[in-house]
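Notes follow once the structure below has been shown.
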Amino acid sequence: MPLASFGSCGYTRLNNMADNGEPMIKDEELTTQSPLILKLKRWQWWVLVVVNIFFLLAGQSIAVLLGRFYYDQGGNSKWLATLVQTAGFPILYIPLLFFPSAREPPSTSRNPSFVIIASVYFFLGAILAGDNMLYSVGLLYLSASTYSLICASQLAFNAVFSYFINSQKFTPFILNSVVVLSLSAALIAVNDDSDGPSKVSRWKYMIGFVCTLGASAIYSLLLSLMQLAFQKVLKRESFVVVLDLQIYTSLVATCIAIIGLFASGEWKTLRGEMHSFHQGKVSYVMVIVWTAVSWQVCSVGVVGLIYVVSSLFSNVISTVSLAITPIASVIVFHDKMNGVKVIAMLLAIWGFASYIYQNYVDDSKARKSRCDVTETHNDSLCT
């Protein structure tokens with residue numbers, strides 16, 4: 001789960017910023033906007049934004065680096081690596097401690113039945129579990145920098161799936177992003193990652209590449225399916241609904257990973273793995289615990305940014321983290337950044353920029369449209 005976020009799928013904005021940097025109310029939220037956010041002073045609001053950005057970037061980067069460290073120091077359980085990506089989901093309740101007013105009054109509209117909602121959570125959670133397994137295999141055979149650069153391709157997949165499933169328009173900027181990110185992934189595919197983990201064979205390198213690329217595609221599909229679930233089933237995209245979706249799909253994914261851990265027999269090797277861990281038993285436990293915590297700290301940052309700013313902003317910061325991890329891996333693990341990788345990173349940044357700019361353009365148009373509507377309610381909201 002490289003982005004560790006569901007904000008990436010392009011959820012409808014929950015809040016907006018006015019041109020002066022202050023939170024702005026959306027037209028359909030005139031009576032439900034959180035009083036807590038609206039009453040914050042400007043500096044308090046910025047502190048919340050900065051804290052959540054730190055959570056997202058630090059959580060994302062640290063989780064990937066710890067995952068690579070686990071494999072480098074003798075860890076070999078793919079199911080355990082899959083489990084830690086979602087096992088810390090109770091941490092997602094933290095935003096409700098700081099934003100208690102986010103809990104909404106019961107909706108007056110007819111809600112879907114428990115069976116339907118549970119089916120949605122189970123279906124999406126099962127896909128998430130399989131996707132996390134593919135990411136675990138990819139990280140096993142790839143260096144952290146190569147892994148992160150391949151993960152960047154999920155933006156291109158996201159654009160394609162959004163076009164077919166969510167009716168998103170294919171603009172020149174989005175098309176440019178798809179082409180450039182595809183070229184970046186292609187360069188990584190032909191790259192000789194001689195500085196990869198444990199000098200893995202070319203065959204294992206290709207397995208890692210295919211698994212990571214496939215995981216990025218499936219994750220993008222998952223995001224589009226989540227957006228479709230909001231539109232067709234849940235019928236709401238509020239802070240609590242987004243949070244509940246993250247929590248319950250993570251719960252399902254965690255249960256499936258636990259079943260896989262026992263069914264595969266890998267649980268029998270964990271004791272020996274812990275004793276043979278190069279940095280010692282305590283380090284082994286700490287790596288597992290902090291990897292799980294890091295993924296969920298990242299998710300807390302994602303949900304927090306959705307709440308205090310917007311899903312678009314959360315998506316942008318999540319994208320930035322993909323560029324930070326390869327740099328961090330070069331510093332921590334001394335990954336080799338050859339010419340092919342450098343070109344692939346530059347292409348990825350180009351693709352990021354095109355994708356983000358198109359989102360900025362779409363958001364500006366949506367904001368202007370909302371302001372035109374809200375002026376009929378309160379002329380001061382968009383001034």
Side-chain angles (χ1 to χ4, degrees), residues 1-5 8 56-57 59-69 71-72 81 85 131-132 134-160 176-200 202 204-220 223 295 298 315-356:
M1 191 168 61
L3 285 184
S5 76
S8 306
L56 195 162
L57 295 181
Q60 163 81 17
S61 300
I62 292 173
V64 172
L65 294 178
L66 285 176
R68 183 62 259 161
F69 182 78
Y71 287 132
D72 283 346
Q85 294 183 53
D131 195 48
N132 288 344
L134 289 176
Y135 279 125
S136 298
V137 175
L139 191 56
L140 173 63
Y141 295 134
L142 301 175
S143 64
S145 57
T146 300
Y147 168 86
S148 299
L149 287 172
I150 297 173
C151 286
S153 64
Q154 75 181 48
L155 285 181
F157 287 118
N158 188 52
V160 174
N176 176 73
S177 177
V178 171
V179 172
V180 171
L181 288 170
S182 298
L183 289 175
S184 176
L187 283 175
I188 294 297
V190 301
N191 178 48
D192 179 16
D193 195 14
S194 57
D195 199 44
S198 303
K199 305 297 181 180
V200 298
R202 183 66 180 175
K204 288 184 177 179
Y205 174 84
M206 290 307 301
I207 291 176
F209 174 84
V210 171
C211 285
T212 305
L213 189 66
S216 297
I218 293 174
Y219 190 72
S220 298
L223 295 177
W295 278 122
C298 177
N315 183 26
V316 170
I317 301 302
S318 296
T319 302
V320 171
S321 69
L322 289 175
I324 292 177
T325 305
I327 298 174
S329 65
V330 171
I331 297 173
V332 176
F333 296 120
H334 307 291
D335 284 358
K336 181 180 178 182
M337 286 297 288
N338 55 32
V340 174
K341 278 190 180 180
V342 171
I343 294 174
M345 179 177 289
L346 293 176
L347 286 173
I349 294 174
W350 181 5
F352 293 160
S354 296
Y355 187 90
I356 291 171

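Model, not experiment: these values are computed from the prediction.
Between the CG atom in N132 and the OH atom in Y219 there is a gap of 8.5 Å [rounded to 0.5 Å]. Residue F69 holds its CZ atom at 13.0 Å from CG of L139, rounded to the nearest 0.5 Å. Note that OG of S354 is 12.0 Å distant from CD1 of I349, once rounded to the nearest 0.5 Å. The distance from the CH2 atom of W350 to the OG atom of S184 is 11.5 Å, given to the nearest 0.5 Å. If you take CH2 on W295 and CD1 on I62, they are separated by 11.5 Å, rounding to the nearest 0.5 Å. To the nearest 0.5 Å, the span separating OG1 on T212 from CG on L140 amounts to 10.0 Å.
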In sequence, state the C-alpha distance, the side-chain angles, and the governing distance for C211 and I207, and then conclude on side chain to side chain contact (heavy atoms under 4.5 Å, CB included).
CA-CA 6 Å; C211 285; I207 291 176; 4.1 Å; yes

Criterion side chain to side chain contact (heavy atoms under 4.5 Å, CB included) on L213 and S153, from CA distance to verdict
CA-CA 7 Å; L213 189 66; S153 64; 3.4 Å; yes

I would like to know whether T146 and Y205 meet side chain to side chain contact (heavy atoms under 4.5 Å, CB included); could you show each step before the answer?
CA-CA 10 Å; T146 300; Y205 174 84; 4.0 Å; yes

Test side chain to side chain contact (heavy atoms under 4.5 Å, CB included) applied to Y147 and Y141, step by step
CA-CA 9 Å; Y147 168 86; Y141 295 134; over 6 Å; no

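With a 4.5 Å cut-off on side-chain heavy atoms, S145 and M345 do not count as touching. Here the side chains of L142 and Y71 are not in contact, with every heavy-atom distance at 4.5 Å or above.
Listed here is the closest heavy atom pair of S216 and F157: C-CD1, 4.1 Å. Residues Q154 and S220 share a closest heavy-atom pair of O-OG, 2.7 Å. Smallest separation of non-hydrogen atoms from D131 and A215: OD1-O, 2.6 Å.
Not a single donor-acceptor pair under 3.5 Å links the side chain of S329 to the backbone N or O of A144.
Checking L149, L183, V342 one by one against L347, the side-chain contact (heavy atoms from CB on, under 4.5 Å) holds for a single residue, L183.
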